[in-house]
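Chain naming here is simple, since letters A, B, ... match the order of the sequence lines and numbering starts at 1 in each. None of the values given here were measured: they were computed from a predicted structure.
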Amino acid sequence: MKIYNTLINKKEEFVPVENGKVKMYVCGPTVYNYFHIGNARPLIFFDVVKNFFEYIGNEVTLVRNVTDIDDKLINRSLEEKIPVSEIAEKYTKAFFADCKALEINPADHHPRATEYIGEMIELIKQLEEKKYAYEVNGDVYFSVSKVEKYGKLSGKKLEDLQAGARVEANKQKKHPADFTLWKRAKPNEPKWTSPWGDGRPGWHTECVVMSRKLLGGTFDIHGGGIDLIFPHHENEIAQAEATNNKKLANYWMHNGYLNIEGEKMSKSLNNFFTARDILKKYNAEAIRFFFLSKHYRSPIDFNENIIKESSQAVKNFYNTIKNADYLTIRNNELEYSEIHLKHKNNFTTAMNDDFNTAKAISVLFDITKAYNKTKDPAFIHLLIELGNVLGFFLDLDVKLSNDLSDISSELIELFINYRNRLKKEKNWEMADAIRNDLKKMGIVLKDTPEGTDWSIEK
RNA sequence: GGCGACAUCGCCAAGUGGUAAGGCAAAGGUCUGCAAAAUCUUUAUCCCCGGUUCGAAUCCGGGUGUCGCCUCCA
């Protein structure tokens with residue numbers, strides 16, 4: 001298995017710290033708003049990473065933190081005029097609800113920053129003792145100049161950072177790139193007591209503390225969006241290595257950005273979409289297909305057209321699964337023969353190469369085609385098995401059953417019976433009218449040699 | 001100013017030295033009252049110029065274009 005490691009900017013063979021176990025930490029949401037469609041990318045991608053590691057026989061521990069104290073929450077609290085703790089509660093709930101709607105598996109741990117304040121203070125104290133941190137008027141900063149290789153993840157040099165056009169005008173700092181470890185509380189802001197006075201921890205400290213606590217000194221994979229490389233992950237490394245002289249993580253994986261019709265998503269451009277907005281129009285699998293059809297490190301462009309195409313592609317998988325009558329063949333004992341194993345191997349080979357999900361999906365299409373040609377149900381089993389690894393075709397019991405009350409089902413059957421009589425009388429006009437009207441309600445009829453099938457489509 | 005990524009059919013996209021996967025869309029055939037589904041068939045020499053090589057979309061150099069990071073951000 002090869003993984004592209006941001007630390008060395010190339011692919012390398014993945015070797016876990018402990019054989020058969022994979023420990024990963026992915027930076028989760030700051031709960032100050034509903035998360036947007038761009039945030040969905042790392043959620044979906046690392047969901048697949050975890051699935052695949054498990055599929056090939058590893059025990060995986062995934063940590064996805066929740067940042068529930070931060071300037072952004074404080075600002076939001078002022079806007080919505082409710083306490084910070086309620087903002088956090090509201091959007092944490094929304095986060096989990098939206099993840100569920102997107103069919104993203106929960107992580108193994110969802111630590112919240114506010115539950116680890118004590119440990120963060122301990123870490124900052126350690127940094128202070130080792131002279132990596134200094135306090136000015138109740139604020140504590142990390143001194144980046146003390147770190148020999150500061151910038152090794154992002155490939156930045158301190159000189160270059162200083163030469164940058166936009167330098168923070170904070171005269172308290174010894175170096176412009178020094179970052180906040182502890183921030184003094186202003187009146188009415190949430191606060192915790194510390195050796196430096198009342199305040200709150202800086203964002204970069206929480207991930208170090210929580211990953212260390214839940215995953216140990218050096219864990220396998222640290223993931224997140226490409227924009228977190230600098231300064232967030234760089235600063236995590238600086239703190240972690242300053243305190244225990246161990247690598248924080250061996251592999252750093254970063255997903256590319258999502259753009260909206262070629263432009264960065266932002267509220268000012270009025271092209272800001274929350275995941276829940278998109279979910280109103282398109283289903284979770286269409287969104288998942290959209291993301292996974294492109295390599296995770298590349299930037300991806302979101303627009304109405306492309307999500308429709310994804311939606312259609314997923315629908316075509318379901319056509320095959322429905323035609324195969326999956327729910328009745330699912331428990332059949334079937335063995336894979338050479339041809340099935342060849343497809344399976346193509347799939348794992350693609351995934352083993354730095355999670356080439358686009359290629360893996362193409363294997364799913366190959367299998368679909370093979371089924372349609374041969375009607376061999378083992379292909380359907382394989383399709384579902386591999387699809388599940390990518391997070392497709394989950395909860396088929398629900399998705400494949402026509403979820404209506406019995407009476408409604410009977411009514412539809414009634415319409416179908418009348419329509420069949422009209423068809424016998426060759427009254428095509430009326431027969432088509434019934435089909436069209438039902439379609440408008442989302443009920444789709446399909447005439448087959450065995451009779452008329454119907455299904456609910458969104 | 002510094003650092004980096006990307007440019008493949010109408011759209012999306014895989015491919016990292018051996019002669020262009022796949023999806024969506026489109027067109028035509030089979031099937032069908034029609035439609036849907038399925039199935040068969042058709043559609044590119046890889047931004048430009050130069051170089052390395054027996055051989056390059058793939059490596060090197062130079063252009064052009066798009067985007068990102070350097071500030072909170074997935």
Side-chain angles (χ1 to χ4, degrees), chain A residues 6 9 11 26-30 32-33 35-46 70-72 75 151 154-157 159-169 176-177 179 203 223-232 234 254-259 262-266 289-290 292-295 297-301 303 305-320 322-323 346 350 353 356-366 368-369 371-373 375 422-424 426-429 431-432 435-436 439 444-449 452-453 455 457:
Chain A
T6 308
N9 279 318
K11 283 186 206 170
V26 179
C27 289
T30 299
Y32 71 107
N33 199 349
F35 70 82
H36 59 65
I37 185 68
N39 296 109
R41 193 174 195 187
L43 292 170
I44 289 170
F45 174 66
F46 288 103
D70 186 83
D71 288 4
K72 289 199 288 284
N75 294 337
S154 54
K156 294 185 189 306
K157 297 180 187 121
E159 309 88 270
D160 297 341
L161 288 172
Q162 215 158 4
R166 292 171 286 183
V167 176
E168 208 175 322
F179 57 90
W203 175 44
I226 196 167
D227 54 319
L228 293 182
I229 294 173
F230 190 90
H232 185 53
E234 196 73 73
H254 294 98
N255 62 272
Y257 237 86
L258 173 132
N259 294 315
E263 284 181 309
K264 187 169 171 169
M265 173 162 47
S266 75
F289 186 96
F290 159 72
L292 298 183
S293 66
K294 187 153 183 176
H295 190 88
R297 275 186 285 111
S298 308
I300 193 166
D301 196 60
N303 59 58
N305 184 43
I306 199 66
I307 192 76
K308 273 185 189 153
E309 284 183 10
S310 301
S311 199
Q312 185 58 47
V314 170
K315 209 163 154 187
N316 287 344
F317 282 130
Y318 273 95
N319 279 332
T320 299
K322 283 177 188 165
N323 287 343
N346 288 345
D353 183 14
N356 192 335
T357 52
K359 200 165 186 179
I361 284 179
S362 80
V363 176
L364 261 37
F365 280 109
D366 291 342
T368 302
K369 198 171 247 185
Y371 168 77
N372 284 324
K373 270 192 172 167
K375 304 292 178 197
L422 291 166
K423 279 169 67 182
K424 255 189 194 150
K426 295 196 189 293
N427 187 341
W428 310 124
E429 197 185 338
D432 289 350
R435 188 171 56 196
N436 289 337
K439 190 173 182 186
V444 179
L445 302 191
K446 288 176 189 173
D447 293 332
T448 74
T452 305
D453 282 345
S455 58
E457 290 186 13

Trace of the side chain to side chain contact (heavy atoms under 4.5 Å, CB included) decision for A/Phe289 with A/Leu364: CA-CA 12 Å; A/Phe289 186 96; A/Leu364 261 37; over 6 Å; no
For [N], give its Watson-Crick or G-U wobble partner with both distances under 3.5 Å, or none.
N	answer
B/U16	none
B/C31	none
B/C24	B/G10
B/U52	none
B/U66	B/A5

Select base, sugar-phosphate, or nothing to describe what [X] touches, counting heavy atoms under 4.0 Å on all strands.
X	result
A/Asn305	sugar-phosphate
A/Leu258	base
A/Arg297	nothing
A/His36	base
A/Gly38	base
A/Lys294	sugar-phosphate
A/Asn356	sugar-phosphate
A/Asn323	sugar-phosphate

How far, in whole Å, is [M] from [N] if one measures between their [atom1] atoms?
N	M	atom1	answer
B/C69	B/C54	C1'	43 Å
B/C47	B/A7	C1'	6 Å
B/A27	B/G15	P	31 Å
B/U45	B/A21	C1'	15 Å

Looking at B/C34, I'd like to know if its phosphate oxygens (OP1 or OP2) sit under 4.0 Å from a side-chain N or O belonging to A/Lys426.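 The answer is no; no side-chain N or O of A/Lys426 sits under 4.0 Å from OP1 or OP2.
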Any side-chain N or O of A/Asn372 under 4.0 Å from OP1/OP2 of B/U39?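 Yes.
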Do you see a donor-acceptor pair shorter than 3.5 Å between the side chains of A/Asn323 and A/Lys446?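 A/Asn323 vs A/Lys446: no donor-acceptor pair found between side chains.
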Distances for protein N/O vs nucleotides 43-46 of chain B N/O pairs under 3.5 angstrom?
none

Would you tabulate the nitrogen or oxygen pairs shorter than 3.5 Å linking the protein to nucleotides 21-25 of chain B?
from, atom 1, to, atom 2, distance (Å)
B/G23, N2, A/Glu309, OE1, 2.9
B/C24, OP1, A/Asn316, ND2, 2.2

Spacing between A/Met265 atom CE and B/G68 atom P, to the nearest angstrom: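 Spelled out: CE on A/Met265 to P on B/G68 is 13 Å.
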Gap between atoms CG and C1', on A/Leu292 and B/C12 respectively (whole Å):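 So the two atoms are 14 Å apart, to the nearest Å.
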Of A/Lys373 and A/Pro42, whose nearest nucleotide on RNA chain B comes first from the 5' end?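 Its nearest nucleotide lies further toward 5', so the answer is A/Lys373.
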Among B/C34, B/A36, B/C69, which is the nearest nucleotide to the side chain of A/Lys446?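 In terms of side-chain proximity for A/Lys446, the closest of B/C34, B/A36, B/C69 is B/A36.
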A/Lys423 and A/Asp447 ion-paired at < 4.0 Å: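 Looking at A/Lys423 and A/Asp447, the cut-off is met.
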